[in-house]
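For reference, the structure is listed below as structure tokens.
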Amino acid sequence: MKISVIIPAHNEEKYLENTLKAVSHPNAELIVVCNGCTDGSAKVAKRFTKKVFVIDEANVSKARNFGALKASADRLVFLDADILLGRGTIDAIIA
């Protein structure tokens with residue numbers, strides 16, 4: 001089973017890399033929606049996924065909904081850009 005992990009990011013350049021490393025998984029589609037960013041969040045995200053989107057408005061709800069529309073998996077997981085998942089969390093969600 002595949003999952004889509006949707007991460008809205010508003011100026012999260014300092015935290016985003018560690019979050020993306022923690023959720024990288026062969027069965028997880030990573031989607032980052034940079035909402036109203038004025039930092040390098042999009043550049044960081046592009047090192048981990050091709051599914052990086054930029055919207056002008058700094059609105060986390062709109063960013064989550066936008067990411068959900070871009071998802072290809074049936075199961076969606078929403079994370080904040082500064083959340084570090086423990087080992088095995090993605091496997092547990094997929095199971």
Side-chain angles (χ1 to χ4, degrees):
M1 167 181 285
K2 289 196 86 145
I3 63 169
S4 294
V5 179
I6 301 159
I7 303 171
H10 176 72
N11 295 335
E12 300 286 355
E13 178 180 17
K14 293 180 183 177
Y15 310 104
L16 191 55
E17 180 174 355
N18 288 332
T19 298
L20 292 169
K21 283 180 183 177
V23 298
S24 291
H25 189 282
N27 292 319
E29 168 188 49
L30 301 179
I31 300 170
V32 178
V33 182
C34 298
N35 55 341
C37 289
T38 58
D39 68 354
S41 294
K43 184 177 179 180
V44 171
K46 287 177 182 177
R47 294 193 338 245
F48 294 88
T49 181
K50 292 179 181 178
K51 290 203 168 191
V52 178
F53 303 95
V54 177
I55 60 176
D56 292 333
E57 189 175 356
N59 183 312
V60 69
S61 296
K62 286 185 179 183
R64 285 186 181 123
N65 289 335
F66 185 92
L69 291 173
K70 300 298 182 183
S72 65
D74 292 330
R75 190 172 291 183
L76 307 180
V77 175
F78 297 91
L79 290 180
D80 289 338
D82 60 351
I83 298 294
L84 297 178
L85 294 182
R87 283 189 193 266
T89 303
I90 296 296
D91 288 322
I93 293 169
I94 291 171

Close side-chain approach of [X] to [Y], heavy-atom, < 4.5 Å:
X   : Y   : value
I7  : I83 : no
D91 : H25 : yes
V44 : R47 : yes
V23 : V77 : no
I90 : N27 : no

**Message:** Taking CZ in F66 as the centre, count heavy atoms belonging to other residues, nucleotides or ligands within less than 6.0 Å. Is the count above 12?
**Reply:**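 Counting neighbours around CZ of F66, more than 12 heavy atoms of other residues, nucleotides or ligands fall under 6.0 Å, so yes.
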Minimum heavy-atom distance [X]-[Y], with the two atoms named:
X   : Y   : value
D80 : R64 : OD1-NH2, 3.0 Å
V32 : A9  : CG1-CB, 4.3 Å
A81 : P8  : CB-O, 3.6 Å

Please round to the nearest 0.5 Å and tell me the distance separating atom [atom1] of [X] and atom [atom2] of [Y].
X   : Y   : atom1 : atom2 : value
K62 : D56 : NZ    : CG    : 11.0 Å
C34 : K46 : SG    : NZ    : 8.0 Å
E17 : F48 : CD    : CZ    : 4.5 Å
E29 : K51 : CD    : NZ    : 3.5 Å

Side-chain heavy atoms under 4.5 angstrom apart, residues restricted to Ile, Leu, Val, Met, Phe, Trp, Tyr: same cluster for [X] and [Y]?
X   : Y   : value
V5  : F78 : no
L30 : L16 : yes
V33 : L79 : no
I6  : I94 : no
I31 : V60 : no

**Request:** Dump the intermediate steps for side chain to side chain contact (heavy atoms under 4.5 Å, CB included) on L84 and T19, then the final yes or no.
**Result:** CA-CA 5 Å; L84 297 178; T19 298; 4.1 Å; yes
**Prompt:** With no hydrogens and no angle check, do the side chains of E12 and S41 hold a donor and an acceptor under 3.5 Å apart?
**Reply:**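 Short answer, no.
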**Asked** Pick one: which of V54, I55, N11 meets side-chain contact (heavy atoms from CB on, under 4.5 Å) with N35?
**Response**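 Only one of V54, I55, N11 forms a side-chain contact (heavy atoms from CB on, under 4.5 Å) with N35, namely I55.
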